[in-house]
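Quick note: numbers below take in every heavy atom, side chains included, and nothing from hydrogens, waters or symmetry partners. Both ligands and their constituent atoms are indexed starting at 1 by order of listing. Numbers for residues simply follow the sequence, beginning at 1.
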Amino acid sequence: MNEPATHTIVVMGTIVTIQTASSDPKHSRQQDSAIERALAWFHHIEERCTRFNPQSEAMRLSNQSGVSLPVSPVLYEAVGFALEVAKASDGAFDPTLGLAMERLGFDREYSTGQTVHTDIEPTSAVSYRDVLLDPIRKTITLLRPLVLDLGAVAKGLAVDMAARELREFESFAINAGGDLYLGGCNPKGEPWTIGIRHPRHEDALIDSVVLSNRAVCTSGDYERTADDGKVHHILDPRTNAPEKSAASVTVIAQSTMLADALATAAFVLGPERGIPLLDRMGVDGLIVTPSLDRYETRGMSRDYRPGASPVL
Ligand code: ADP
Ligand code: MG
């Protein structure tokens, strides 16, 4: 393999890095254009799904509750998937928390630093049950005034679309601020070893996993905060307050969107209900509590620890 090439952009409020290595230098032009297409997905999905731009498709939808609107394939996919995870987690995951997030202080667009203030007034408590999809017409209807927040699925979806562009190159790594997809092998020709950050020590790892052709996503309470660091960014939809039963959750799955969303859902559920959710959804994961107790699915040590033979 050649020296790995690394491409980095800032998008979706995070740093996205793609690392590839072509086995044949003649393919480098194809590789460059595949990487360009891969990175373009992040902008494409952000433009449609963000709640920080009143002109985004998600916000235009939020401004027209009660109307069935035809939407783009990516918005339909993101919302449809978020609703499935909401049902599977019995509402612990909920993509209608936009206003609650804004009120907690998550109201700043990362690239301009400008604050957004939505004048959508909820008539009563809202939930994922207020979002209806029509799979034939590909429309979305919001039954009440609410603001969609797709922060827990959009990055995962973008990583999956990017990975699809890079599939023809056996080996690549995509890292979107802690949401990763690892294709093939690392530059040494071995499965990828990925460190999991210690939730209380920025420069330390609490664990590591070895994997290939899998996504690994971590949601941590250290990741984004508001109100001078007093509140973090994963809410319990029952109270609209930051959830406290986990410090970080790491999920390994075949799709990044699934790993991304289930890490958030298991974070809200905490170890007692979160690990059974991961088992039911057929994925593996590790939950670290604020007192640094660790809970994990059985497959975690069997399939993904250094020394285990990775599942392909
Ligand atoms: P990160 O953005 O650090 O990868 P997550 O993937 O865990 O973190 O997503 C957290 C984001 O998901 C929040 O910033 C918010 O936009 C949204 N969110 C917060 N709480 C919930 C929840 N209970 N259900 C669904 N989405 C949530
Ligand atoms: Mg995530």
A92 touching ligand 1 at heavy-atom level, < 4.0 angstrom: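 A92 counts as a contact of ligand 1 under the 4.0 Å cut-off.
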
F267-H232 aromatic ring centre distance below 6.0 Å: yes

Can you list the atoms of ligand 1 that are under 4.0 Å from a heavy atom of [X]?
{"X": "L97", "result": "20 (N), 21 (C), 22 (C), 23 (N)"}
{"X": "D149", "result": "15 (C), 16 (O), 17 (C)"}
{"X": "S219", "result": "5 (P), 6 (O), 7 (O)"}
{"X": "V268", "result": "23 (N)"}
{"X": "D94", "result": "22 (C), 24 (N), 25 (C), 26 (N)"}

With no hydrogens and no angle check, do the side chains of [X] and [Y] hold a donor and an acceptor under 3.5 Å apart?
{"X": "S245", "Y": "E243", "value": "yes"}
{"X": "S56", "Y": "E47", "value": "no"}
{"X": "S127", "Y": "D94", "value": "no"}

Apart from V116 itself, what residues make up its hydrophobic cluster, given side-chain heavy atom links below 4.5 Å?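 Members other than V116 - counting any ILVMFWY side chain reachable under 4.5 Å - are F52.
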
Quick check: K155 and ligand 1, any N/O pair under 3.5 Å apart? yes

Heteroatom distance test (P95, ligand 1): nitrogen or oxygen, under 3.5 angstrom: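 Looking only at distances, the answer is no, because the N/O contact criterion of under 3.5 Å is not met.
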
For M101, which part has a heavy atom under 4.0 Å from ligand 1: side chain, backbone, both, or neither? side chain

Once you restrict to heavy atoms under 4.0 Å, what part of E223 touches ligand 1? Side chain, backbone, both or neither.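 Only the side chain of E223 comes within reach of ligand 1.
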
Dump the intermediate steps for side chain to side chain donor-acceptor pair (under 3.5 Å) on Q31 and T20, then the final yes or no. CA-CA 8 Å; Q31 189 167 282; T20 50; 3.0 Å; yes

Please work out which of A261, G98, A152, A259 has its closest non-hydrogen atom nearest to atom 12 (O) of ligand 1.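 The nearest heavy atom belongs to A152.
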
Could you check whether E109 pairs with R51 (Lys NZ or Arg NE/NH1/NH2 to Asp/Glu carboxylate O, under 4.0 Å)?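 Salt bridge: no.
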
Check ion pair D203-R197 (N to O, under 4.0 angstrom):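 No salt bridge links D203 with R197.
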
